[in-house]
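Okay, structure first, notes after.
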Amino acid sequence: MLSAVAARKARLAQTQAPPPAEAQAPAAAPASPKPEPKISAPAKPASTSQKPPSKRKPSASSGNPPKKKRTQQSKAAFGQQARYFAQEDAFKTQDDVIVVDDSDSETSVATSSAASDDENGLRSVRTPAAKVGGKRAWSPSAPLADSSDDDEDDGDEPIVLDSPVKPAKEYSPDSSQVLSTFQPVREQNVFHLPTTSGSSRAGVVLLLSSSDTVALLGTYTLTVLRGSIALSGITLEASPATHPVFAPRSSPIPIIQCLPRHPPSNSPSPLDLPAHIADAASDAEAVILVQELHTGIEGLGRICRTFDGFFAPSRWQRNQLRFDLGLENVYFLSNQTPDVFPLVVPPTWMAATTTVSPHNDDNSATERYIYLVKGPKNSGKSTFARLLLNKLLSRFRRVAYLECDLGQSEFTPGGMVSLNVVEQPLFGPPFTHPSVPFAAHFVGATSPRTSPSHYLESIQALLQQYEIDVRNATLDEDSADSEDDRISSSIPLVVNTMGWTKGLGADLARRIEEILEPSDIFVCAGMSFDDEFGYGGHEPAPPSVHVPHSGGPRIHSIESVSQDTSASHYTAADHRNLSILSYFHATFPQAALPSPYASPTPSYWNTGLPLCAQPPYEVDFQVAFDKLILTGAGSEDVVQSEVHRALNCAVVALVTCEPGTLDLNLFPDADADTCSNAASPFKYEQGAPPPPPSTSRCLGLGLVRAVSPPSASKVSIQLLTPVPQQLLAEARVLVMGELQLPVWGMLDYRTLDTGGDIAGYERGRVPYLRWGKGEGAGGERRRVRRNLMRKGQM
């Protein structure tokens with residue numbers, strides 16, 4: 001052991017010896033560094049008794065330098081080159097592509113150097129002119145990193161450390177898509193109509209040439225005075241009819257397109273125009289009138305801040321030179337921006353909707369027109385169903401619409417299946433036309449997962465009501481307009497299904513198809529083979545081709561509409577929140593409609609006050625209602641003493657039932673405790689099922705804003721609801737589900753930015769709201785770290 005230690009000391013002394021004179025400094029170096037001093041073993045102190053040598057390995061203090069010093073010494077001994085500040089810096093002259101000689105197994109690959117940006121915005125990669133000495137020169141600004149990769153590639157193959165990286169796409173007005181080919185010029189093709197005694201709304205007359213397109217943002221009414229135009233896939237002819245159009249940035253913008261006249265005609269305009277406008281319009285292919293539309297719906301953006309300013313131009317559009325039409329809340333768009341995209345109607349959609357429209361009304365009374373639209377989510381299914389509805393309204397005076405999608409409903413908030421009868425085409429997203437349905441049933445959730453049986457029973461009840469009360473309802477009615485040549489002897493039905501196409505959702509879709517027995521089925525091309533054939537589906541046909549089956553429906557395959565990336569920041573939950581807030585702020589006409597079958601739509605949105613500041617109805621529960629029912633997951637666990645807590649600030653359904661429905665013994669095996677709950681102040685039975693759809697219907701939704709305390713002598717509730725007053729007397733049952741009011745609906749937007757009170761109350765005293773950070777696990781906002789790299793990226 002002593003000989004081994006002595007041998008190591010001898011080798012260490014040799015490595016620490018000064019190198020030969022010719023190898024100490026290169027010729028190019030102006031000065032050579034001083035040689036490192038020798039490190040000798042410390043002298044042992046003298047002692048009278050000599051200790052035996054230790055068998056342990058000597059430490060660094062006994063002559064072995066530390067590891068860091070050994071590394072420095074080995075680098076100094078390797079050729080004894082001059083220091084880096086005395087050498088020529090080869091790192092500055094080498095190329096961006098580093099060639100590593102694989103012959104040296106101890107040489108590591110460094111990280112990539114900075115690459116220059118070319119004029120296209122891409123990181124360029126330059127090829128090396130020649131190798132730099134076989135090894136990369138050392139530089140203090142980019143130290144070499146260790147690499148554990150065991151690559152056995154050829155040493156002559158260069159390793160590219162910089163690859164082309166495409167930067168984020170920046171908006172450029174020159175490269176954007178043109179939305180409006182119409183070139184507006186005042187007093188030539190744009191004429192302003194001032195307000196008159198007959199009309200309090202300002203308007204603009206536009207003279208369009210063939211194939212001109214016009215994109216307008218905001219809310220307005222459109223009247224075709226001469227010629228014909230295409231809007232949202234349907235054709236509008238010259239008529240006195242006025243069509244309200246809602247075009248927010250959160251949805252595709254409808255494009256007005258002028259259609260050529262075949263043959264050209266100079267039919268008189270339904271509106272008396274001034275002489276100078278009539279003279280200029282003689283050569284125009286189409287003449288349209290755009291007027292202001294004041295409904296208060298623009299205020300929904302102030303309430304739900306996610307959609308703040310969605311009816312106004314964005315920051316990209318504000319920086320552009322836009323033509324001012326002189327109308328309030330109407331903006332002319334020339335080019336597409338990152339947050340505005342047009343409504344695109346694929347050719348297969350137009351072909352499919354054209355082939356299903358009947359060409360004569362001889363057999364319309366006996367024919368059964370039921371059109372089923374199905375497909376996965378985000379495939380344009382709801383947009384196509386709206387297009388089909390508008391297309392059928394050009395041949396029928398009324399069209400029925402059965403909504404089976406609980407999450408993205410067209411006419412009602414989520415959680416309901418409804419049957420609506422429509423008389424006018426729809427030009428706007430779902431939140432712009434909420435309605436009081438002809439018939440509806442409350443499921444109480446945005447998915448039928450927890451109550452599939454009640455979901456199917458509700459759809460079957462609505463179909464039976466359509467067959468009995470709606471389908472041939474106009475046979476006994478006199479024609480209101482003899483000049484209207486549309487079919488009035490029958491009302492077709494459009495059915496929109498949910499986008500859940502796998503597992504239980506596929507079973508429910510197949511069962512709905514069996515219940516409806518549709519005449520035509522429109523299948524989105526996005527549905528996979530397993531979705532169609534794994535659960536008894538039909539094979540989709542090529543686009544715009546009918547596939548007749550023996551006694552079965554005709555199948556039409558339509559293409560899916562790709563989801564635009566500019567709308568990705570609006571989720572399905574955001575649209576549901578906007579839909580329910582639009583419903584509670586809507587004001588429906590209180591007067592009875594001329595037709596008992598039409599579904600009324602709002603004439604105004606009361607967005608001047610938040611929901612917490614609007615006056616509610618105060619109702620004596622024991623007098624106004626006969627029963628309270630809780631549905632949904634976990635509702636069977638709510639005991640009688642906690643009902644007032646669960647009911648407060650809840651979204652409830654107002655349900656009417658036929659006489660005798662509530663008298664049925666729904667719990668024949670219930671114990672005495674459960675039956676005694678019927679005598680409670682809220683008339684609540686724990687675990688009671690919802691009313692049967694065959695003998696009940698939902699009139700609408702309400703918001704319970706406050707509940708009297710249990711100690712009060714009279715149980716009363718404060719209720720907010722947009723349901724017309726003539727229908728409220730029929731509501732005798734309250735049904736509470738899983739729907740909740742969005743947080744935006746609980747706030748006071750008037751003082752939200754300043755941090756003031758909520759409807760006159762201090763923030764800390766407002767129930768169900770907590771300000772500041774949350775408590776407990778998951779209460780705080782999740783932090784996302786984006787500065788972490790993988791091992792291969794180092």
Side-chain angles (χ1 to χ4, degrees), residues 232-234 345-346 348-358 364 367-375 379-412 416-430 432-435 437-441 458-467 469-474 486-499 509 512-524 546 553-558 561 597-599 601:
S232 299
I234 67 171
V345 180
T348 56
W349 289 20
M350 297 300 299
T353 55
T354 303
T355 54
V356 297
S357 300
S364 59
E367 289 288 337
R368 188 172 180 268
Y369 303 106
I370 297 182
Y371 306 100
L372 176 67
V373 182
K374 64 178 182 179
S379 61
K381 171 176 52 64
S382 300
T383 306
F384 175 79
R386 191 185 313 129
L387 171 65
L388 180 60
L389 173 68
N390 293 339
K391 199 75 173 181
L392 292 174
L393 283 172
S394 62
R395 292 293 302 144
F396 295 88
R397 295 192 181 182
R398 295 168 186 165
V399 178
Y401 192 96
L402 177 58
E403 181 60 76
C404 301
D405 192 352
L406 298 177
Q408 301 290 337
S409 299
E410 184 72 25
F411 294 95
T412 61
M416 299 172 60
V417 289
S418 60
L419 177 65
N420 296 266
V421 179
V422 186
E423 296 181 345
Q424 298 294 333
L426 306 174
F427 300 108
T432 62
H433 46 259
S435 67
F438 175 79
H441 297 288
S458 301
I459 295 177
Q460 188 171 9
L462 292 179
L463 178 64
Q464 293 177 357
Q465 195 161 5
Y466 162 76
E467 295 283 359
D469 300 333
V470 178
R471 178 184 166 189
N472 296 323
T474 56
R486 293 181 298 173
I487 301 174
S488 60
S489 58
S490 179
I491 298 179
L493 177 64
V494 178
V495 183
N496 182 32
T497 58
M498 58 182 177
I512 291 173
E513 185 177 335
E514 295 175 355
I515 293 174
L516 296 174
E517 297 181 358
S519 59
D520 295 85
I521 298 178
F522 298 90
V523 182
C524 291
H546 297 290
R554 293 170 293 183
I555 313 299
H556 308 271
S557 178
I558 57 176
V561 176
Y597 302 100
S599 301
T601 55

- Message: Rounded at 0.5 Å granularity, tell me how far OG in Ser489 sits from CZ in Arg471.
- Response: 10.5 Å
- Message: I need the minimum non-hydrogen distance between Ala352 and Phe522, along with the two atoms involved.
- Response: CB-CE2, 3.9 Å
- Looking only at heavy atoms, which two atoms of Met416 and Ser409 are closest? And how far apart? O-OG, 3.9 Å
- Task: Using atom types as modelled and distance alone, determine if a side-chain donor or acceptor of Ser418 lies under 3.5 Å from a backbone N or O of Pro437.
- Result: no
- Message: Using side-chain heavy atoms (C-beta onward) and a distance below 4.5 Å, is Thr497 in contact with Val373?
- Response: no
- Message: So, applying side chain to side chain contact (heavy atoms under 4.5 Å, CB included) with Leu493, which one of Leu463, Leu462, Val470 is it?
- Response: Leu463
- Query: Can you list the steps and then say if Val523 with Ile558 is a side chain to side chain contact (heavy atoms under 4.5 Å, CB included)?
  - Reply: CA-CA 6 Å; Val523 182; Ile558 57 176; over 6 Å; no
- Could you tell me whether the side chain of Val421 reaches within less than 4.5 Å of the side chain of Tyr401, counting heavy atoms only? no
- Item | Minimum heavy-atom distance between Trp349 and Gly380, given as atom pair plus value | CH2-O, 3.4 Å
- Is a side-chain donor or acceptor of Arg368 paired with a backbone partner of Glu517 at a separation under 3.5 angstrom? yes
- Task: Considering non-hydrogen atoms only, spot the tightest contact between Leu516 and Ile370 and give its length.
- Result: O-CD1, 3.8 Å
- Query: Taking Val495 as the fixed residue, which of Ile521, Ile459, Leu402, Leu419 is the one that meets the side chain to side chain contact (heavy atoms under 4.5 Å, CB included) rule?
  - Reply: Leu402
- Task: Determine, step by step, whether Phe384 and Val345 satisfy the side chain to side chain contact (heavy atoms under 4.5 Å, CB included) criterion, reporting the C-alpha distance in whole Å, the side-chain angles of both residues, the deciding distance to 0.1 Å, and the verdict.
- Result: CA-CA 9 Å; Phe384 175 79; Val345 180; over 6 Å; no
- Task: Let me see the working for Tyr369 and Phe396 under ring-ring contact (aromatic ring centres under 6.0 Å, His included), right down to the final yes or no.
- Result: CA-CA 11 Å; Tyr369 303 106; Phe396 295 88; 5.7 Å; yes
- Keeping the roles fixed (side chain from Glu403, backbone from Val417), state whether a donor-acceptor pair exists under 3.5 Å. no
- Message: I need the Thr355 OG1 to Asp520 CG distance, nearest 0.5 Å.
- Response: 7.5 Å
- Just by distance, do the side chain of Thr354 and the backbone of Met350 share a donor-acceptor pair under 3.5 Å? yes
- Query: Minimum heavy-atom separation for Arg398 to Ile491, with atom names?
  - Reply: O-CG2, 3.6 Å
- Task: Output, in order, the C-alpha distance, side-chain angles, deciding distance and verdict of side chain to side chain contact (heavy atoms under 4.5 Å, CB included) for Glu513 and Leu372.
- Result: CA-CA 8 Å; Glu513 185 177 335; Leu372 176 67; 4.1 Å; yes
- Query: Ignoring hydrogens and geometry, is there a side-chain-to-backbone donor-acceptor pair from Asn390 to Leu426 under 3.5 Å?
  - Reply: yes
- Query: Below 4.5 Å, heavy atoms only, C-beta onward: do Phe411 and Ser599 meet side chain to side chain?
  - Reply: no
- Task: Identify the two heavy atoms, one from His441 and one from Ala461, that lie closest to each other, and give their separation to 0.1 Å.
- Result: NE2-CB, 3.8 Å
- Show the numbers, then the answer: is there a salt bridge (charged side-chain N to carboxylate O under 4.0 Å, His left out) between Glu423 and Arg397? CA-CA 6 Å; Glu423 296 181 345; Arg397 295 192 181 182; over 6 Å; no
- Contact check, side chains of Glu367 and Ser519, non-hydrogen atoms, under 4.5 Å: no
- Message: Let's go through Glu410 and Leu389 carefully: what are the C-alpha distance in whole Å and the side-chain angles of both, what is the deciding distance for side chain to side chain contact (heavy atoms under 4.5 Å, CB included) to 0.1 Å, and is it a yes or a no?
- Response: CA-CA 11 Å; Glu410 184 72 25; Leu389 173 68; over 6 Å; no
- Note on the structure: CE of Met498 to CG of Asp405, rounded to nearest 0.5 Å, is 8.0 Å
- Flag, side chain of Lys374 to backbone of Asn496, donor-acceptor distance under 3.5 Å: no
